[in-house]
Visitor: 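Take a look at the following structure, please.
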Amino acid sequence: MKKRFGLWLMTAVLIMAAFFPSSIFASTGDQGINEKLGVPIVVYGAALSESQRSKVTELLEVDQHAEVDEFSVNGQDLANYIGGNPNSNMYSSVKIVHKDNGSGLSVDIVTPDNITQVTKEMYTNALLTAGVENAEVLVASSVKVSGHSALTGIYKAYDAKGVKLDEERMKVASDELDIATDIAEEQGIDRDKISELLTEIKKAIAEQDPATKEEVEQIVQEQLQSLNIELSEEDRQRLIDLFEQMRSLNINFDQVQNQLEDLTGSIQDLINDDGFWNSLRNAVQNFFNSLINFIKSLFN
């Protein structure tokens, strides 16, 4: 029976390996200090209990680095950076690893079940708006949260290391995240679709360089039609006002055009990859069917 069980277990492992990315199982090992870019930065939500913080430390794989700079973020930071409520409880935590120029910006949510409203594409879009580039950002929470406060943690990390992000751009990026999650929730539109809309509008602004609010409105309307998204007049106006703010701040999306292109591609892959999800669903179903049959066989 032991031999039979071992064979079955090996088969199960092979099935799972075939359908899950190898990066899930991979370990990066101990990472030394990058003397040029400095050590990674970890910012913990101040509302975390000691046990929760310990769990987040594990989730963010802090022990993989020879050295890290650690900070906490609280409601007063939220008020200071983006004018939020200073009494807010902050749970979202982040790790930032700076990369060489040209490396681009990558965001990963390591606890997707606990970040209920914000997708990694939404974070990426907002951070590009705020001026964050060339970094690997990991977001985690040990409790269910919307995910909005993670931006404040990122802003504090840069500030603590002497990198001043533009205050107005940070506020606009926060507004962008709020509008994206509001529209997705209130209008029942897929969050990836909203992320694609924001990305396409930015790309169009980079290409057309609108000089007036009317031209911004035209771009927004064209992208809504192109993606077949219908919004209320109020939400459409919120988008127009948001991107008019970006225009008035002279945010140059030409500088991150390649990242916007990559972001569009990743969103489309996620939306359109029915084959992967069908294969994964079938593999999981077959896995449990095999498990049930195996258990039954033990009693025959």
Side-chain angles (χ1 to χ4, degrees), residues 78 81-85 88 92 94 105-109 111-132 137 139 141 144-155 165 168-206 216-217 219-249 251 253 256 259-271:
L78 183 69
Y81 290 113
I82 58 175
N85 183 354
S88 298
S92 301
V94 298
L105 174 67
S106 66
V107 178
D108 188 24
I109 301 176
T111 55
D113 290 341
N114 282 345
I115 305 293
T116 62
Q117 292 186 11
V118 186
T119 66
K120 68 177 183 179
E121 290 79 19
M122 288 180 181
Y123 280 129
T124 304
N125 252 316
L127 290 175
L128 291 175
T129 297
V132 175
V137 178
V139 181
S141 177
K144 286 188 179 295
V145 294
S146 66
H148 290 75
S149 63
L151 278 186
T152 305
I154 295 167
Y155 297 159
L165 298 174
E168 290 301 317
R169 287 185 64 164
M170 287 192 290
K171 289 181 177 178
V172 170
S174 179
D175 289 343
E176 177 182 343
L177 203 58
D178 287 341
I179 290 171
T181 54
D182 285 350
I183 291 176
E185 185 173 356
E186 294 169 5
Q187 300 289 330
I189 300 174
D190 186 84
R191 292 180 298 171
D192 293 322
K193 197 73 171 177
I194 294 298
S195 294
E196 184 180 10
L197 172 65
L198 296 176
T199 304
E200 291 299 334
I201 292 174
K202 289 178 182 178
K203 287 166 58 180
I205 288 175
V216 171
E217 181 176 2
I219 288 174
V220 170
Q221 188 58 37
E222 287 174 352
Q223 296 308 316
L224 285 170
Q225 291 175 348
S226 175
L227 294 172
N228 197 28
I229 296 176
E230 294 185 11
L231 297 181
S232 66
E233 181 57 33
E234 179 183 358
D235 284 335
R236 191 180 75 91
Q237 192 60 51
R238 290 177 73 187
L239 279 178
I240 294 169
D241 293 342
L242 172 69
F243 285 101
E244 172 60 13
Q245 287 185 70
M246 293 185 191
R247 186 190 69 83
S248 66
L249 291 175
I251 295 177
F253 289 115
V256 291
Q259 293 178 65
L260 291 172
E261 293 285 355
D262 292 342
L263 185 56
T264 299
S266 66
I267 294 170
Q268 277 297 324
D269 289 345
L270 188 60
I271 292 174

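Source: prediction; values computed, not measured. Values below: every heavy atom of this structure, side chains too, minus hydrogens, waters and symmetry copies.
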Visitor: So, D241 and Q245: side-chain donor and acceptor under 3.5 Å apart, yes or no?
Guide: no
Visitor: Would you name the heavy atoms of S92 and G147 that are closest together and state the gap between them?
Guide: OG-CA, 3.9 Å
Visitor: For S141 and I115, indicate whether the former's side chain and the latter's backbone hold a donor-acceptor pair under 3.5 Å.
Guide: no
Visitor: Is the backbone N or O of L128 less than 3.5 Å from a side-chain atom of R169, with the two atoms forming a donor-acceptor pair by type?
Guide: yes
Visitor: Are side-chain heavy atoms of V139 and V118 found at a separation under 4.5 Å?
Guide: no
Visitor: Side chains of F243 and I205, heavy atoms from C-beta outward: is any pair under 4.5 Å?
Guide: yes
Visitor: Which pair of heavy atoms, one from Y155 and one from S174, lies closest together, and at what distance?
Guide: OH-N, 4.3 Å
Visitor: For N125, does its backbone N or O pair with a side-chain atom of K202 as donor and acceptor, under 3.5 Å?
Guide: yes
Visitor: Just how far is it from atom OH of Y81 to atom CG of L151, taken to the nearest 0.5 Å?
Guide: 13.0 Å
Visitor: Quick check: do I229 and K193 have side-chain heavy atoms less than 4.5 Å from each other?
Guide: yes
Visitor: Would you compute the distance between atom CG of L227 and atom CG of L197 and round it to the nearest 0.5 angstrom?
Guide: 6.0 Å
Visitor: To the nearest 0.5 Å, what is the distance between OG1 (T119) and CZ (R191)?
Guide: 6.0 Å
Visitor: Considering non-hydrogen atoms only, spot the tightest contact between A126 and L177 and give its length.
Guide: CB-CD1, 4.4 Å
Visitor: Can you give me the closest heavy-atom contact between I240 and E217, atom names plus distance?
Guide: CD1-CG, 3.4 Å
Visitor: Could you tell me which residues satisfy salt bridge (Lys or Arg N to Asp or Glu O under 4.0 Å) with K120, sequence neighbours excluded, listed by chain and number?
Guide: none
Visitor: Are the side chains of L239 and I183 in touch, meaning some heavy atoms are under 4.5 Å apart?
Guide: yes
Visitor: Any side-chain heavy-atom pair from L242 and V172 closer than 4.5 angstrom?
Guide: yes
Visitor: Which residues pass the side-chain hydrogen bond (donor to acceptor under 3.5 Å, both in side chains) test with E233, sequence neighbours left out?
Guide: R236
Visitor: Provide the closest heavy-atom pair for A204 versus Q223 in the form atom of the first, atom of the second, distance.
Guide: CB-NE2, 4.0 Å
Visitor: Roughly how far apart are Q221 CD and L231 CG, rounded to 0.5 Å?
Guide: 9.0 Å
Visitor: Would you please name every residue forming a side-chain hydrogen bond (donor to acceptor under 3.5 Å, both in side chains) with E244, sequence neighbours left out?
Guide: R247
Visitor: Can you name the salt bridge (Lys or Arg N to Asp or Glu O under 4.0 Å) partners of D108, sequence neighbours left out?
Guide: none
Visitor: List the residues meeting side chain to side chain contact (heavy atoms under 4.5 Å, CB included) with S232, not counting sequence neighbours, and say none if there are none.
Guide: Q187, E234, D235
Visitor: Quick one: closest heavy-atom pair of A180 and L198, and the distance?
Guide: CB-CD1, 3.8 Å
Visitor: Tell me, please, which residues at least two apart from N85 pass side chain to side chain contact (heavy atoms under 4.5 Å, CB included).
Guide: N87, S88
Visitor: Would you compute the distance between atom CG of D190 and atom OG of S195 and round it to the nearest 0.5 angstrom?
Guide: 8.5 Å
Visitor: For the NE2 atom of H148 and the OH atom of Y123, what is their distance to the nearest 0.5 Å?
Guide: 8.0 Å
Visitor: Quick one: does V137's side chain get under 4.5 Å of T124's, heavy atoms only?
Guide: no
